Novice: 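Input: one structure, supplied below.
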Amino acid sequence: MGIRPTKNSYTKLRLILGDQLNYEHSWFQLKEEDTLYVIMEMRQETDYVKHHVQKIIAFFASMYNFSHWLKKRGHHLLYLQINDPENQQDLLKNLELIADRYDVKVVEYLLPDEYRLDRQLSDWAGSTSYQVRAFDTEHFYTNREDLAALFKGKKQYLMERFYRDIRQKHRIMLDADGNPWGGKWNFDAENRKPFKSKSFVPPPVYFSRDHADILEEIEKAGVQYFGTPALDAFPWPVSRRQCLALLDYFIEHHLDQFGLYQDAMHKEYWNLFHSRLSFAMNSKMLSPKLVIDRVIRAHQANPDRYDLAQVEGFVRQIIGWREYMRGVYWAQMPGYSSLNYFDHDRALPAWFWTGETKMNCLRYSISQSLDRAYAHHIQRLMVIGNFALLAGIDPTALDAWYLGVYIDAIEWVEITNTRGMSQYADGGIVGTKPYVSSANYIHKMSNYCEGCAYDRNERVGPKACPFNSLYWRFYEVNRALLEKNPRIGMAYVTLNKMGVSDKEAMMAQAQSYLDSIEDL
Ligand code: FAD
Ligand code: SF4
């Protein structure tokens with residue numbers, strides 16, 4: 001059942017998109033009798049790529065809970081469900097229909113974070129007879145344009161510089177003289193440990209509400225999806241209360257080891273010490289400020305347990321990487337979505353949709369993604385993304401996969417991470433060099449290589465780990481684009497020292513793997 005308003009006409013309509021569920025927004029602090037809030041489930045949003053079913057359920061459930069919260073606070077609301085016979089399944093058609101029906105004069109919306117929605121609404125605003133006004137979502141620390149302004153005239157934007165700027169502006173973890181706590185801005189070097197099963201990993205928290213009714217509606221509407229719905233133990237928070245519970249659970253159980261094992265991967269622990277707060281934040285149910293404030297408070301209350309290295313590592317992900325990626329997106333769109341520095345065009349192997357590959361690291365990381373709509377950063381970057389880059393997968397196909405699979409994937413943060421950080425398709429705007437590795441790194445940071453059908457120590461031969469020969473082939477075929485990069489020098493020193501026959505054997509091995517990529 002949807003929610004219908006009680007009056008027949010409203011002067012003002014306020015649109016709330018599915019990822020704009022900001023419980024703290026100033027809009028909702030005052031009750032306005034003549035304002036109609038509108039929230040809509042739409043095929044336009046479920047179908048722009050094929051999505052993981054947990055992602056569709058999580059968004060619909062969160063939108064529905066948010067609308068109930070609004071209603072309880074006395075706001076007037078129209079919640080349009082996916083199977084409502086009047087639903088046009090298109091943002092602008094629905095908007096016009098509702099505005100017309102309720103005799104609306106003014107339409108207000110919150111600035112979308114996605115370029116496609118931003119254009120759709122701003123183009124409409126320029127052509128419609130309604131008075132249209134756009135407002136900030138009051139979610140981020142920075143404005144869309146801040147990053148471009150800071151790096152005006154530069155080709156590359158350095159995350160570290162942006163991060164320090166935000167910490168200074170918002171006085172985050174600074175002493176009275178403006179110096180960073182602990183005398184350093186960045187404790188990254190202390191945060192790169194592999195996890196060797198020595199410490200106990202507290203299990204992830206689940207939320208038990210049964211979402212069978214939402215799944216039924218999604219199926220009735222004919223929305224195409226993949227993945228398992230996890231109805232019995234849904235892992236994603238879909239209300240403010242659940243988001244806050246997840247944050248508390250993270251602080252109580254995982255934060256103290258977060259930084260230490262941030263880059264580690266393990267077959268038995270799918271989220272190790274990661275927070276899984278990305279969905280809560282990207283849907284805006286939790287603000288980054290609230291998350292950061294609570295984490296810093298935990299450190300201040302108990303610095304022995306929550307040491308500065310763990311806390312700074314976490315804070316940097318959110319006010320560093322997260323805000324930075326958003327800044328890059330708005331500085332670079334729309335061109336960013338078609339950048340392809342290496343001209344990669346290989347099709348995505350079919351096993352990306354099943355996880356059925358003999359490569360253990362990819363089997364675990366992809367199967368986990370398909371089961372749980374989640375992989376942590378290093379699985380996304382150094383296993384799945386690493387392989388895709390070494391194999392020369394078309395970044396557009398890869399973007400569509402990441403955008404559909406992950407619970408937190410919204411284009412502003414997905415594309416900058418996938419096309420930018422992981423695929424270096426932007427030629428070095430986000431990263432100073434491509435994130436690629438041979439089996440060495442994966443073995444060092446995980447236990448995936450144990451029991452793998454391939455041998456991590458071999459470069460050639462029937463059992464040789466594909467990452468090894470593909471790694472060297474990547475540098476060889478991209479010599480003209482990469483050799484002059486000062487951060488890559490060592491790879492070319494090694495490659496140049498390699499004997500001709502060794503090199504030829506390895507290139508042939510890599511090519512044969514690429515020719516039979518579906519069978520790897
Ligand atoms: P934690 O490890 O607990 O980190 C805490 C928070 O820091 C995250 O919730 C997130 O909000 C933020 N964060 C950490 N790293 C990044 C980053 N690189 N960029 C932006 N925010 C970051 N993140 C998304 O939110 N949506 C995506 O679609 C997405 N796609 C990615 C694709 C690739 C190829 C890569 C390499 C990374 C991607 N990330 C994406 C970033 C990161 O992997 C996820 O934010 C993180 O894994 C979410 O899990 P978590 O909440 O447990 O994170
Ligand atoms: Fe992955 Fe190679 Fe290790 Fe197998 S041996 S898990 S393919 S890195």
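Quantities reported herein were computed from a predicted structural model and do not represent experimental measurements. As the structure lists them, so they are numbered: ligands from 1, and atoms in each ligand from 1.
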Novice: List every atom of ligand 1 that sits less than 4.0 Å from any heavy atom of Met281, numbering the atoms from 1 in the order shown and giving each element.
Specialist: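 The atoms of ligand 1 under 4.0 Å from a heavy atom of Met281 are 9 (O), 11 (O).
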
Novice: Going by the order shown, which atoms of ligand 1 are within less than 4.0 Å of some heavy atom of Ala375?
Specialist: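 The list of qualifying atoms is 47 (O).
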
Novice: Centroid separation under 6.0 Å, is that true for the rings of Phe342 and Phe474?
Specialist: yes

Novice: Polar-atom distance check: Met325 versus ligand 1, any N or O pair below 3.5 Å?
Specialist: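 No; the residue has no nitrogen or oxygen that sits under 3.5 Å from a nitrogen or oxygen of the ligand.
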
Novice: Please give me the minimum heavy-atom distance between Leu403 and His51, naming the atom from each residue.
Specialist: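 For Leu403 and His51, the tightest heavy-atom pair comes out as O-CD2, 3.8 Å.
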
Novice: Can you tell me how far the CD1 atom of Ile410 sits from the CD atom of Glu114, to the nearest 0.5 Å?
Specialist: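 Between Ile410 CD1 and Glu114 CD, I get 6.5 Å after rounding to 0.5 Å.
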
Novice: So, is Asn282 polar-close to ligand 1, with some N/O to N/O distance under 3.5 Å?
Specialist: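 Right, the criterion is met.
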
Novice: Between Tyr402, Tyr374, Trp412, Tyr324, flag the one that comes closest to atom 49 (O) of ligand 1 by a heavy atom.
Specialist: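 The option holding the nearest heavy atom is Tyr374.
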
Novice: Can you confirm whether the side chains of Glu411 and Tyr336 place a donor and an acceptor under 3.5 Å from each other?
Specialist: no

Novice: Between Asn186 and Glu160, is any side-chain donor less than 3.5 angstrom from a side-chain acceptor?
Specialist: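 Per modelled atom types, Asn186 and Glu160 side chains form a pair under 3.5 Å.
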
Novice: Taking N or O atoms only and a 3.5 Å limit, does Ser275 qualify as a polar contact for ligand 1?
Specialist: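 In this structure, Ser275 places an N or O atom under 3.5 Å from an N or O of ligand 1.
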
Novice: Among side-chain atoms of Arg240 and Asn65, is any donor-acceptor pair under 3.5 angstrom?
Specialist: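 Checked: Arg240/Asn65 side chains show no N/O donor-acceptor pair below 3.5 Å.
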
Novice: Using a 4.0 Å heavy-atom threshold (strictly under), name the region of Cys361 that reaches ligand 2: side chain, backbone, both or neither.
Specialist: both

Novice: Taking the six-membered ring for Trp, is the centroid-to-centroid distance between Trp181 and His299 below 6.0 Å?
Specialist: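 Trp181 vs His299: aromatic centres under 6.0 Å.
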
Novice: Can you check which of Arg276, Met382, Arg322, His377 brings a heavy atom nearest to atom 47 (O) of ligand 1?
Specialist: His377

Novice: So that I can check it, does any N, O or S atom in Cys465 come closer than 2.8 Å to atom 1 (Fe) of ligand 2?
Specialist: no

Novice: Please report whether ligand 1 has a polar contact with His376, defined as an N or O pair separated by less than 3.5 Å (distance criterion only).
Specialist: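 No.
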
Novice: Report yes or no: does His443 have an N/O/S atom closer than 2.8 Å to atom 2 (Fe) of ligand 2?
Specialist: no

